[in-house]
Structures are given as C-alpha cells and as structure tokens.
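Below is one structure, written out as structure tokens; comments come after it.
Just so you know, ligand 1 is whichever comes first in the structure, and atom 1 is the first atom listed for that ligand. Only heavy atoms go into these numbers, but all of them, side chains included; no hydrogens, no water, no symmetry mates.
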Amino acid sequence: MDNGKKLIVFYSLGGNTRFIAEEIKKEENADLLELKLKKDIKSKGFLKYLIGGRQAITDKKPELLPYDVNLDDYETIFIGSPIWASHFSPAVNTFLSENAILNKNIALFCCHAGGGEGKAFKHYKERLKGNRFIGEIEIKDPLKAKTESVNKLKNWLKNI
Ligand SMILES: Cc1cc2nc3c(=O)[nH]c(=O)nc-3n(C[C@H](O)[C@H](O)[C@H](O)COP(=O)(O)O)c2cc1C
C-alpha cells in the first residue's frame, strides 16, 4: 500500500485495539496517535459495559486529554476503535467531532468480542462523507489470538 503519509488514530480501553494499531504502524511506517480520555471508564468489572455502552449509544463525546496532530500532514488515516454496544467508542466520537476530516483515504479497523463491527462502519461512513474509504477490518479480541489476528491484518493491508 502506498497512500502517502499515514496516520493511525485509535482508542483502546483494554489493549486490543492498541495491539492492532501498533502492528499497522510496523507494517505501514505510519504515525500513531492514541486518544486518551480525561476520565476513562474503569477497565475492570461488569459496570463498564453498562456505562461505556450507554455512552456509545447516546452519542456522548467525553473530553480527551490534549493531543497534538496536524491532519493536513496526512493523506491516509487509519481509524481504530473497540466496538462498544455495536458502535465505535465515545473517544473516537469526540475526535471526529473535533476535527474536520475531508479528502483523505480512510481505513477503518475495529476490535470486538464476537459481535462483529455492528453499526460502526456504517456510522463512520455517514460521519466522514467527503473521504475515500479504502478498507475496513474487524478483528475479534486480538490479544487472545495474536498470530491469527496479525495474519488477518497483514492480508488486509496487502489488499488496500
Ligand atoms: C463498554 C463496552 C461495550 C462493548 N460492546 C461490545 C459489542 O457490542 N460487541 C462486541 O462484540 N464486543 C463488545 N465489547 C468488547 C470489546 O469490543 C472487545 O473486547 C475489544 O476487543 C476491546 O478492545 P480494547 O481492548 O482495545 O478496548 C464491549 C466492551 C466494552 C468495554
């Protein structure tokens, strides 16, 4: 794949999406931007599903810690998120609201626990009109099957 200078933007609560983001970085020589929330939900316990899931469904845009990126520098942006209640995560929602993204090559990746990408890819496409979608991939909890996940990822990268 040669789609100009590349950025990977992602959020990860439990490390799965971070793992994939870092693998993409290795393969594509891209810059990495990890979105962090000012106040993240707790990563342990069952309550996180209720709290995080509700945030995702109700279109919440929680405050991010400051980040420094100039999107004008990039032609291609990978956007990665865990799936929360069939949506992309609130942190990514905040990022998309804070940045006008236009005329980019967009590649989407998400991690889930077996439910697939849900509505996330559809919602990204609605939110990111005016861009070119060059690929999308969903990966089931990659930290539980690293080799298989990395192989799937590499195949995908070859084809975009
Ligand atoms: C709040 C919350 C909601 C979730 N909702 C879903 C879901 O709808 N479908 C699914 O397959 N997995 C769901 N999961 C599981 C995560 O998407 C999955 O474990 C993912 O790999 C986590 O990525 P991370 O480690 O980068 O945070 C949910 C997890 C959380 C914390």
From the options I83, I139, T17, select the one whose nearest heavy atom is closest to atom 14 (N) of ligand 1. I83
How close does the nearest protein non-hydrogen atom get to [atom], and which residue and atom is it?
atom: atom 12 (N) of ligand 1; result: A113 N, 3.1 Å
atom: atom 31 (C) of ligand 1; result: W84 NE1, 3.6 Å
atom: atom 24 (P) of ligand 1; result: G14 N, 3.4 Å
atom: atom 11 (O) of ligand 1; result: G115 N, 2.8 Å

Using distance alone, determine whether [X] and ligand 1 share an N or O pair under 3.5 Å.
X: Y49; result: no
X: I41; result: no
X: G52; result: no
X: S12; result: yes
X: G53; result: no
X: K48; result: no
X: P142; result: no

I'd like to know if A85 contacts ligand 1, where contact means a heavy-atom distance under 4.0 Å to any ligand atom. yes
One thing to verify: whether [Y] and [X] come together as a salt bridge, which I'm taking to mean a side-chain N less than 4.0 angstrom from a carboxylate O.
X: K25; Y: D31; answer: no
X: E28; Y: K6; answer: yes
X: E138; Y: K152; answer: yes
X: K26; Y: E22; answer: no
X: K36; Y: E63; answer: no

Exactly one candidate in K61, E98, H123 meets side-chain contact (heavy atoms from CB on, under 4.5 Å) with N93; the answer is K61
Atom CG of residue position N29 - does it have more than 12 heavy atoms of other residues, nucleotides or ligands inside 6.0 Å? no
Can you check whether Y67 and F95 have ring centres sitting under 6.0 Å from each other? yes
For E117 and H112, does a side-chain donor sit closer than 3.5 Å to a side-chain acceptor? no
Note: ligand 1 atoms sitting under 4.0 Å from heavy atoms of G114 are 11 (O)
